[in-house]
Amino acid sequence: MAKFEYAPAPESRAVVDLAPSYGLFINGEFTESQGGSAFKTVNPATEEVLSEVTDASAADVDRAVAAARRAYNGVWGRMSGADRGKYLFRIARILQERAREFAVLETLDNGKPIKESRDVDVPLAAAHFFYHAGWADKLEYAGLGTNPRAHGVVGQVIPWNFPLLMLAWKIAPALATGNTVVLKPAETTPLTALLFADVVQQADLPPGVVNIVTGAGATGQAIVDHPDIDKLAFTGSTGVGKMIARSIAGTRKKATLELGGKAANIIFEDAAIDQAVEGIVNGIFFNQGHVCCAGSRLLVQENIAEDLERRLKRRLQTLRVGDPLDKNTDVGAINSKAQLSRITELTAAGEAEGAERWDNGCELPAKGFWFRPTVFTGVSQGHRIAQEEIFGPVLSVLTFRTPQEAVAKANNTPYGLSAGVWTEKGSRILWMADQLRAGVVWANTFNKFDPTSPFGGYKESGYGREGGRHGLSAYVTTESNG
Ligand code: NDP
């Protein structure tokens, strides 16, 4: 399959107005840190420094929590759901109006292709606010229990793979249910959260309802440990999730943890094979594989494995890897040098343990952090690349003979976030969905998201659900659940 030569089609970055440095967004305004320091955020595709951002201290977190508490007690916790809903609708509309600005900024700071930030991240972020705006005045009727009430102040810590979208997943349900928020974006991707602070001002949200504190792990830890936080919502690695669970054990804090995954994408012999190939590509190469629910383990029925592998490799040779701002780019930059070394280390382990490595041989830019779309065949279940989350554009291929074997292999992981099943038989889809220990099971598709649909995991993928009616319940107490 030949790759068409396309002329460069770069999106203009003129729409983004970057400040040389940013303070913290506390109580409705940008303020200087008290005792914190600063760090630089870079464009991972070029290593260009984009801006300098504050590394918030524990004293800054304390100020942010105090502002959130005042806003909760004084305004937001008393406001009617209908009025809260108006603010959420306003935020959703502003996100749509400023969509291009957000998409370009996300791509600059994260390295993801513009077609993904433009067509997935930003529209879905706006959709989350629209969806939750609709619930704000209907919580009594959402089946959450009797008299649902907000927890109060919510601490939220999010990762770098979908910076704006994860912010929306966290902030929209929290505000809809009447909570106020202190949110920390990831160290490598703080810029869209800071631009969101501008949206908060534009929407005229009362001061202190949303506070954004940038920083590294220690800032996250200060939020987790703060005694006046009522609920925590975390998305990130299982390691940090376990630390958080330990930190809050024995306290009154509620928590939801959305952690890692090692999803099986299972292809049966009767599947529509070319569609399945597209689903495999979308499952693991979307967003450079920096996706907690990525289909990183391909399980193929043995008798079609050779044919599928051939078609998959041919398809991967047509992927365009490079400038994330180019509208034709399919695979962008790895988000950070640290993540690139993690991927490099795990793929070296794959080779050392005897799996066969293949990559699409594409040219990579000289500067920045890059990794070629890679496939490992001959992978055994015990290999590190079959067990550990690589969080990069790397697929491990295993085979199976019977549905029972597929289930046993798919469930043989400490995680349980998502899975994919490809077959023509509806009854088999239902049977598989019943057997798979995964929070989300996609059938003849992969990586489909919608604000109405709950998302979350089993086992070491965490607990609690985000999205849909189930996601709302994590943000309220009721007379039945206390
Ligand atoms: P982390 O879990 O370290 O980061 C997630 C968020 O938690 C970031 O905002 C981070 O801050 C913050 N954080 C770090 N340490 C603490 C702490 N002690 N207390 C509170 N918050 C903290 O993920 P990494 O960025 O280190 O990525 C490591 C691996 O995690 C990846 O290779 C991938 O496998 C997995 N991962 C999974 C994600 C998912 O969606 N399930 C998302 C991201 C990563 P900071 O950014 O400053 O470190």
Side-chain angles (χ1 to χ4, degrees), residues 36-37 39-41 44 53-56 58 61 109-110 112 155-163 165-167 169-170 182-193 212-226 229 232-248 253 255-263 286-294 296 334-347 369 371 384-385 387-394 413-418 439-440 447 449 455-457 459-464 466:
S37 52
F39 63 91
K40 293 180 173 37
T41 183
V53 176
T54 306
D55 188 4
V61 168
D109 205 20
N110 171 280
K112 63 176 69 199
Q156 307 185 315
V157 179
I158 57 172
W160 43 263
N161 51 345
F162 293 93
L165 184 57
M166 288 301 106
L167 174 150
W169 277 31
K170 298 279 179 284
V182 176
L183 176 133
K184 188 193 92 66
E187 187 180 352
T188 58
T189 54
L191 294 180
T192 45
I212 310 277
V213 287
T214 50
T219 309
Q221 186 76 50
I223 295 177
V224 170
D225 291 341
H226 198 288
I229 291 279
L232 282 160
F234 172 79
T235 298
S237 60
T238 294
V240 173
K242 285 181 180 175
M243 276 165 52
I244 293 177
R246 278 195 290 271
S247 304
I248 62 168
K253 290 174 193 165
T256 41
L257 302 176
E258 201 271 273
L259 310 176
K262 191 75 191 173
F286 168 67
N287 203 37
Q288 297 67 249
H290 300 330
V291 184
C292 46
C293 53
S296 52
I334 299 303
N335 178 251
S336 66
K337 201 173 183 173
Q339 189 59 24
L340 181 57
S341 2
R342 222 166 272 150
I343 298 169
T344 308
E345 191 234 303
L346 272 165
T347 45
F369 314 127
F371 202 87
R384 283 182 70 194
I385 53 169
Q387 289 294 328
E388 294 179 33
E389 191 177 35
I390 302 175
F391 226 63
V394 181
T413 157
Y415 298 111
L417 196 53
S418 64
V440 179
N447 271 344
F449 302 99
F455 184 89
K459 302 193 280 186
E460 293 198 9
S461 291
Y463 44 77
E466 293 187 294

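Start at 1 and go down the list; that is how both ligands and their atoms are numbered.
Listed by number with element, the atoms of ligand 1 under 4.0 angstrom from any heavy atom of Gly260 are 41 (N). Annotation for ligand 1: atoms under 4.0 Å from non-hydrogen atoms of Gly215 are 47 (O). Taking every non-hydrogen atom of Thr235 and a distance limit under 4.0 Å, the qualifying atoms of ligand 1 come out as 5 (C), 40 (O). Near Pro159, meaning under 4.0 Å from any of its heavy atoms, are these atoms of ligand 1: 42 (C), 43 (C).
Using a cut-off of 4.0 Å between Lys/Arg side-chain N and Asp/Glu carboxylate O, Glu345 and Arg384 are scored as salt-bridged.
Checking side-chain atoms of Ser247 against main-chain N and O of Asp225 turns up no donor-acceptor pair under 3.5 Å. The backbone N or O of Lys170 lies less than 3.5 Å from a partner atom in the side chain of Gln156, making a donor-acceptor pair. In this structure, the side chain of Thr238 does not engage the main chain of Leu259 through any donor-acceptor pair within 3.5 Å. Asn110 contributes no side-chain N or O that, together with a main-chain N or O of Phe162, makes up a donor-acceptor pair within less than 3.5 Å. Checked by atom type and distance alone, the side chain of Lys184 never pairs as donor or acceptor with a backbone atom of Ala222 at under 3.5 Å. The main-chain N or O of Asn335 is never found under 3.5 Å from a side-chain atom of Gln288 such that the two would form a donor-acceptor pair.
Counting all heavy atoms, side chain and backbone alike, Thr413 lies closest to Gln387 at CA-OE1, 4.1 Å.
Between the choices Gln339, Gln221, Glu187, Met243, the shortest heavy-atom distance to atom 32 (O) of ligand 1 belongs to Gln339. If you check each of Leu183, Ile390, Val240, Thr189 against atom 3 (O) of ligand 1, the one with the closest non-hydrogen atom is Val240. For atom 13 (N) of ligand 1, the candidate residues are Gly220, Gly217, Ser461; the nearest heavy-atom contact is made by Gly217.
Remark: minimum distance from atom 40 (O) of ligand 1 to any protein heavy atom is reached at Cys292 CB, 3.3 Å. Protein heavy atom at the shortest distance from atom 33 (C) of ligand 1 is Phe391 CG, 3.4 Å. The single protein non-hydrogen atom nearest to atom 12 (C) of ligand 1 is Val157 CG1, 3.6 Å, given as residue, atom name and distance. For atom 41 (N) of ligand 1, the nearest protein heavy atom (residue, atom name, distance) is Leu259 O, 2.7 Å. When hydrogens are left out, the protein atom nearest atom 9 (O) of ligand 1 is Ile158 O, 2.8 Å; that is the closest non-hydrogen contact. From the protein, the heavy atom lying nearest to atom 24 (P) of ligand 1 is Trp160 NE1, 3.8 Å. Among protein heavy atoms, atom 29 (C) of ligand 1 sits closest to Arg342 NH1, 3.6 Å. Looking only at protein heavy atoms, the nearest one to atom 30 (O) of ligand 1 is Ser237 CB, 2.9 Å.
Considering backbone and side-chain N/O of Lys184, one or more are found under 3.5 Å from N/O of ligand 1.
With a 4.5 Å cut-off on side-chain heavy atoms, Tyr415 and Ser296 do not count as touching. Proximity of Thr235 to Asn161: side-chain heavy atoms (C-beta onward) are nowhere separated by under 4.5 Å.
Between Trp169 and Phe455, the ring-plane angle classifies as perpendicular under the 30° and 60° cut-offs.
At least one heavy atom of Phe234 sits closer than 4.0 Å to an atom of ligand 1. Using a 4.0 Å heavy-atom cutoff, Ala218 is absent from the residues neighbouring ligand 1.
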